[in-house]
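Order of appearance sets the numbers: ligands from 1, and atoms from 1 within every ligand.
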Amino acid sequence: MKIGVLAYQGSFEEHALQTKRALDKLKIDGEVIAVKRVSDLDVDGIIIPGGESTTIGIVAQRMGLLEPLKEKIMEGLPVLGTCAGAIMLAKDVSDAKVGKKSQPLIGVMDISVIRNYYGRQRESFEANVDLRSIGGGIEKVVFIRAPAIVKVFGNAKSLSQFKDVHVMVQENNLLATTFHPELSGTTIVHEYFISMIKK
Ligand SMILES: NC(=O)CC[C@H](N)C(=O)O
């Protein structure tokens, strides 16, 4: 199994480490690679990390990777998008402060996302979220300038909610979280993503 992590900006190293831990735990022989070029897209699954979605989108577009990646995802490539990665996947994106502003996105998932939802006062915080729907428990996770998934439509299904919004959503081969599973003590989100790749 070969898992790619989009590696322009953000928490890609943490994702690579967490993916390796999850592979070890599941006793699966796997390889994790950094994806930067179209030729790196020969993977069984890909992770789009947290960071700054505008930066990730602009660089991906400049590298000519955005369209080929979108095509692969539409053909069924499993994707885990976390935080900025969830923003990249969403069909509908706006910013809590400035509303709709165009930015390069993959735009394939039936979710409405509001960037920087928690505002300045709660830029970063830890919370216990319920990950029992994917075989975990109540897990402590971190939100960093996090977006919120405020609407789930079409084929997307909410897997976890925190307060009034969705924090983990799946739509077939797409998995989005607004928190950072790569910075968590549990590897359950990565284990679940690996199980999506195995299917
Ligand atoms: N930690 C993160 O990924 C933050 C996301 C960032 N606020 C954005 O809008 O892209």
Side-chain angles (χ1 to χ4, degrees), residues 3-19 34-36 45-63 65-66 69-70 73 79-129 131 139-152 156 159-170 174-187 189-190 193:
I3 300 176
V5 184
L6 194 61
Y8 297 138
Q9 190 260 342
S11 56
F12 56 89
E13 276 167 13
E14 291 83 353
H15 263 297
L17 281 172
Q18 194 76 313
T19 305
V35 171
K36 288 189 175 168
I46 188 160
I47 297 173
I48 307 173
E52 186 54 45
S53 58
T54 44
T55 306
I56 294 172
I58 287 167
V59 179
Q61 196 168 49
R62 206 173 287 158
M63 296 294 286
L65 192 114
L66 204 59
L69 177 57
K70 181 174 175 171
I73 292 170
V79 189
L80 167 61
T82 66
C83 205
I87 297 169
M88 293 296 301
L89 290 177
K91 277 187 185 166
D92 178 39
V93 176
S94 56
D95 184 281
K97 250 199 174 148
V98 300
K100 295 237 189 230
K101 212 178 91 196
S102 88
Q103 66 182 94
L105 297 167
I106 296 167
V108 289
M109 192 169 187
D110 291 340
I111 52 176
S112 295
V113 169
I114 298 182
R115 293 178 61 195
N116 304 311
Y117 178 80
Y118 300 93
R120 285 204 161 263
Q121 281 177 355
R122 299 199 74 199
E123 272 208 338
S124 299
F125 59 96
E126 274 187 336
N128 290 316
V129 300
L131 300 183
E139 313 282 358
K140 188 180 271 183
V141 297
V142 59
F143 292 81
I144 304 170
R145 293 188 299 284
I149 299 169
V150 292
K151 213 166 95 193
V152 167
L159 296 178
S160 180
Q161 304 83 39
F162 176 67
K163 301 209 166 146
D164 294 334
V165 297
H166 310 280
V167 295
M168 183 166 61
V169 174
Q170 182 174 4
L174 316 171
L175 182 65
T177 72
T178 59
F179 55 89
H180 284 259
E182 78 283 11
L183 303 176
S184 171
T186 176
T187 54
V189 173
H190 290 76
F193 180 55

Taking side-chain hydrogen bond (donor to acceptor under 3.5 Å, both in side chains) as the test, write out the residues that go with [X], two or more places apart.
X	value
T54	E52
E139	none
K163	none

Can you find a side-chain donor-acceptor pair between T82 and H15 that sits under 3.5 Å? yes

Expected contact list for ligand 1 at under 4.0 angstrom, heavy-atom basis, is G50, G51, E52, S53, C83, A84, I87, R115, N116, I144, R145, H180

If only atom types and distance count, is the side chain of Y118 paired as donor or acceptor with the main-chain N or O of S124 below 3.5 Å? no

Hey, what's the ring geometry for F143 with F179, parallel, tilted or perpendicular (30° and 60° as the breaks)? perpendicular

